[in-house]
Amino acid sequence: MMDSISPRALGLTAPGDLRLFAGDAAPDVGAAPRMPPLKRLLRVIVRWRWVLGTAIIAGFMLGLIVTLITTRQYTSTVRVEIARETTRVVEIDSVQRDTSVADQEFYQTQYGLLQSQTLAERVARELRLVDDPAFFEMFGRKGVFKGDRVQQSTPAARAKRNDLAGKLLLQHVGVVPVRGSRLVDVSAVTPDPALSQRIANTWALDFINMNLERRFEATGYARRFLEGRLEQIRQKLEESERNLVGYASAQDIINLPGSVNQKTGETTGERSLLSDDLTALNAALASATADRIEAQSRLSQARTPDATSESLSNQAIGELRQKRAQAASDYAQLMGKFEPGYPAAKGLALQIASLDQAIAREENRVRTSLQQIYASSLARERALMARVNSLKGGLTDFRRRSIQYNIYQRDADTNRELYNGLLQRYKEIGVAGGIENNNISVVDPAKLPDRPSKPNLMLNLILFMFAGLVVGGMIAWALEQIDEGITDPGEVESELGVPLLGVVPRSGAEGPLDALQNPKSPLVEAYLAVQTSLELATAHGAPKSIAITSTRPQEGKSVTAFALAQSLARARRKVVLIDADLRSPSVHREFGLKNDLGVSNFLAGADNIDAALHKTDRPGLSIMTAGPQPPNAADLLTGDGLRNLIALLLERFDHVVVDSPPVMGLADAPLVASAVEGVIFAVEARSIRTSIVRVALGRLHASNARLLGIVLTKFESKRAHFGYGYEYGYGYGQDRLPRPGKR
């Protein structure tokens, strides 16, 4: 039956507990793993739930009070659109740089300008808040207007009030960009709804006006700068043109203006008159040379005996040759019929001779004409060549003289181009500055708020309750750090490193000894669970000799000793309870026995054990009182006296239960613990600090005592972290018992 009981049911929560009971060396105090942080946090919350609840309720009340006494604030919001670029009416670049899509610096700059001190002071001046005492009193600045009206109206006083008004406006005006858009919400929060609306609308309009002013100022600065540069360039251009004209006049340099190509639109540069003459004469020379060559070729052909192209192409010669051919044909026909002396034949012969002479004369005339044409072409070529050679020499000299002229020309052209460019930009800026639209506009004007935006009752309650929770958590944490008492059975092993044998509930008004009289009482059930745990302490069951001690008095060690002795006796075993607390004995008082003979007598040398034993009305249970109080109890406990007494008692009894003195401050408990087979340590729940218990356990381990485990006494499940359930387990089945006087 006992073997089937699980270690967890006996209060053993770790495998090391069974090893401890089996005879292993005692573990180091505090060596057991600590409780997980989350579980520990939950335990702290449940343990100090009243502190946390009180703090939350206090925060709720404080939030309610603060909300009721806080001045109502009204919020009015105007929505503004800020575009990256203005609408372009003409394709003219503005003075300011255009921003790209990813240029966030532009918007960050605009947000900063919306929250500038300059804008706030401008709004304050426009709304006449500088001279309004109610405005400053609204924000708790009652001492702003000091002195008489003369002092208040001085420029220094007004400037100081203007600066203060701007700072107050900045504190009550918020700028919130609408995410993912070009919209910005500007909100004004004041106790006056009308004032909030005026401030919001004026803020947006003044921001737009300031933006326009900055644009016009930038354009005006650019125009003034360009005007100065234009005047400088104009003077340089006039000087360079005077130098150019003066040098051309001095050197007799005449240039013709350039021409524009109608097809390509290209403009040629200036041309000198000499170069144009040379070009024209060179072209005429080439033409004359070609004419001379042609005339020479025609003349050479005309000198050949054969018919030339000139004679063939001459119309008169052609007609003569045609007539001669006809006459020759007629003559040949007559010769076929008549003799050469025939008159008709003679006439044809004379005609042919006459035609030959005419042809010869015409050919001579053509040849003479070709000679004249050749001579004329040659003379013209020679004249043109002479003129061209003359112009070549003049052009070389002209080019030498044009070097400085070209320098003056380039200087004048450069100044002219620079002047024209600046003049064009000056005109563009004037046009762009006059036609560009503003890139900022009001989308939704501010409206008159009909309900206050602050204070928000629900939000304030949540915040104050959360603050109360935080404060309560801090108080609970501080109390948890201060309170080192064992409040939950689960903390015994994690905090002390010693297994838990059982948990004993706090007895009611009847007292612990009276409660132990009832076999069905929770106290008896609890100690029965402790006894059950002890059955696994050794191989032979419960230890033969057991000492019960505690850190300090009044922790329930004497009740634990009597309860264990009674529980063992009820298991039909012979048990003796001895009172080894020689300094403050209590067993004899609880049972109404005399204390004139007991443990101190035997330790002092007496050997009559039977006289010191007292039987009780509980079967199998005997008691040995402490006896007379010795001068020094530690001297009696030192040595083998107590060990020999326990050995003699074990010859008569199955178990010896020793009520030991407390550990702290005395040397008695370690001496008693070293004389028994095992020690049970009683710890009062929620009473003693765990650090002191660790010191007491350390003293027991130093005396080579075998610590069986801890019994948590005076435990109240309702005050534990999560409740331990002992009020249900220990009272289980009692409602089925017959009432007194009934079966």
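Along the sequence shown, the residues carry numbers beginning at 1.
The shortest distance between side-chain heavy atoms of His614 and His588 does not fall below 4.5 Å. In this structure the side chain of Leu523 reaches within 4.5 angstrom of the side chain of Val504, judged on heavy atoms. Met624 places a side-chain heavy atom less than 4.5 Å from the side chain of Leu645. No side-chain heavy atom of Tyr527 sits less than 4.5 Å from a side-chain heavy atom of Gln566. When side chains are defined from C-beta on, Arg72 counts as touching Pro455, because their heavy atoms get closer than 4.5 Å. Looking at heavy atoms from C-beta onward, Phe464 lies out of side-chain contact with Leu64 at the 4.5 angstrom threshold. Residues Phe562 and Leu577 form a side-chain contact, since some pair of their non-hydrogen atoms from C-beta on lies under 4.5 Å apart. Side chains of Leu582 and Asp668 form no contact here, defined as non-hydrogen atoms less than 4.5 Å apart.
Distance alone, capped at 3.5 Å, is enough to place a donor-acceptor pair between the Asp579 side chain and the Val587 backbone. Checked by atom type and distance alone, the side chain of Thr713 pairs as donor or acceptor with a backbone atom of Val683 at under 3.5 Å. Using modelled atom types, no side-chain atom of Ser567 and backbone atom of Ala563 make a donor-acceptor pair closer than 3.5 Å. Side-chain atoms of Ser660 never come within 3.5 Å of backbone atoms of Thr549 as a donor-acceptor pair (strictly under, hydrogens ignored). Checking side-chain atoms of Ser600 against main-chain N and O of Ala626 turns up a donor-acceptor pair under 3.5 Å. For Thr616 (side chain) and Leu621 (main-chain N/O), a donor-acceptor pair under 3.5 Å exists by modelled atom type. No donor-acceptor distance shorter than 3.5 angstrom exists from the side chain of Ser187 to the backbone of Gly174, with no hydrogens or angles considered. Between the Ser453 side chain and the Gln73 main chain, a donor and an acceptor come within less than 3.5 Å of each other. A donor-acceptor contact shorter than 3.5 Å is absent between the side chain of Asp654 and the backbone of Val575. Side chain of Asp581 to main chain of Asp659: no donor-acceptor pair is present (N/O by atom type, distance under 3.5 Å, no hydrogens or angles).
Shown here is Lys454, whose NZ atom has no more than 12 heavy atoms of other residues, nucleotides or ligands within 6.0 Å. More than 12 heavy-atom neighbours from other residues, nucleotides or ligands sit within 6.0 angstrom of CD on Gln115.
Once rounded to the nearest 0.5 Å, the distance linking CG of Asp640 with CD1 of Ile646 reads 11.0 Å. For the atom pair CG (Leu52) and CD1 (Ile475), the distance works out to 9.0 Å, reported to the nearest 0.5 Å. Leu62 contributes atom CG, which lies 13.5 Å from atom CD1 of Ile57 (distance to the nearest 0.5 angstrom). Distance CG/Leu671 to CG/Leu642: 9.0 Å, rounded to 0.5 Å. The CZ atom of Phe60 sits 11.0 Å away from the CD1 atom of Ile462 when rounded to the nearest 0.5 Å. Interatomic distance, Leu457 CG to Thr70 OG1, rounded to the nearest 0.5 Å: 10.5 Å.
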Task: His172 and Phe139: CA distance, side-chain angles, deciding distance, side chain to side chain contact (heavy atoms under 4.5 Å, CB included) verdict - done: CA-CA 10 Å; His172 294 81; Phe139 299 106; 3.2 Å; yes
Task: Verdict with reasoning, Arg570 to Leu528, per side chain to side chain contact (heavy atoms under 4.5 Å, CB included) - done: CA-CA 10 Å; Arg570 286 179 177 172; Leu528 182 59; over 6 Å; no
Task: Verdict with supporting geometry, Leu649 and Leu613, side chain to side chain contact (heavy atoms under 4.5 Å, CB included) - done: CA-CA 10 Å; Leu649 291 173; Leu613 292 174; 4.1 Å; yes
- [ ] For side chain to side chain contact (heavy atoms under 4.5 Å, CB included), just list the numbers for Glu677 and Ile546, CA-CA rounded to whole Å, side-chain angles, deciding distance to a tenth of an Å, and then say yes or no.
- [x] CA-CA 6 Å; Glu677 186 177 356; Ile546 305 172; over 6 Å; no
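The heavy-atom pair separating Pro661 from Lys557 by the smallest distance is C-CE, 4.0 Å. Residues Glu684 and Glu555 come closest through the heavy atom pair N-OE1, 2.9 Å. Summarising the geometry of Ser674 relative to Arg643, their closest heavy-atom pair is O-NH2, 3.0 Å, with the distance given to 0.1 Å. Scanning both residues, Pro499 and Leu708, for their nearest heavy atoms gives CG-O, 4.0 Å. Across every non-hydrogen atom of Asn601 and Leu597, the tightest pair is OD1-CA, 3.1 Å. Heavy atoms only, all atoms of each residue included: Pro543 and His655 are closest at O-ND1, 3.0 Å.
A donor atom on one side chain and an acceptor atom on the other are found under 3.5 Å apart for Asn595 and Thr625.
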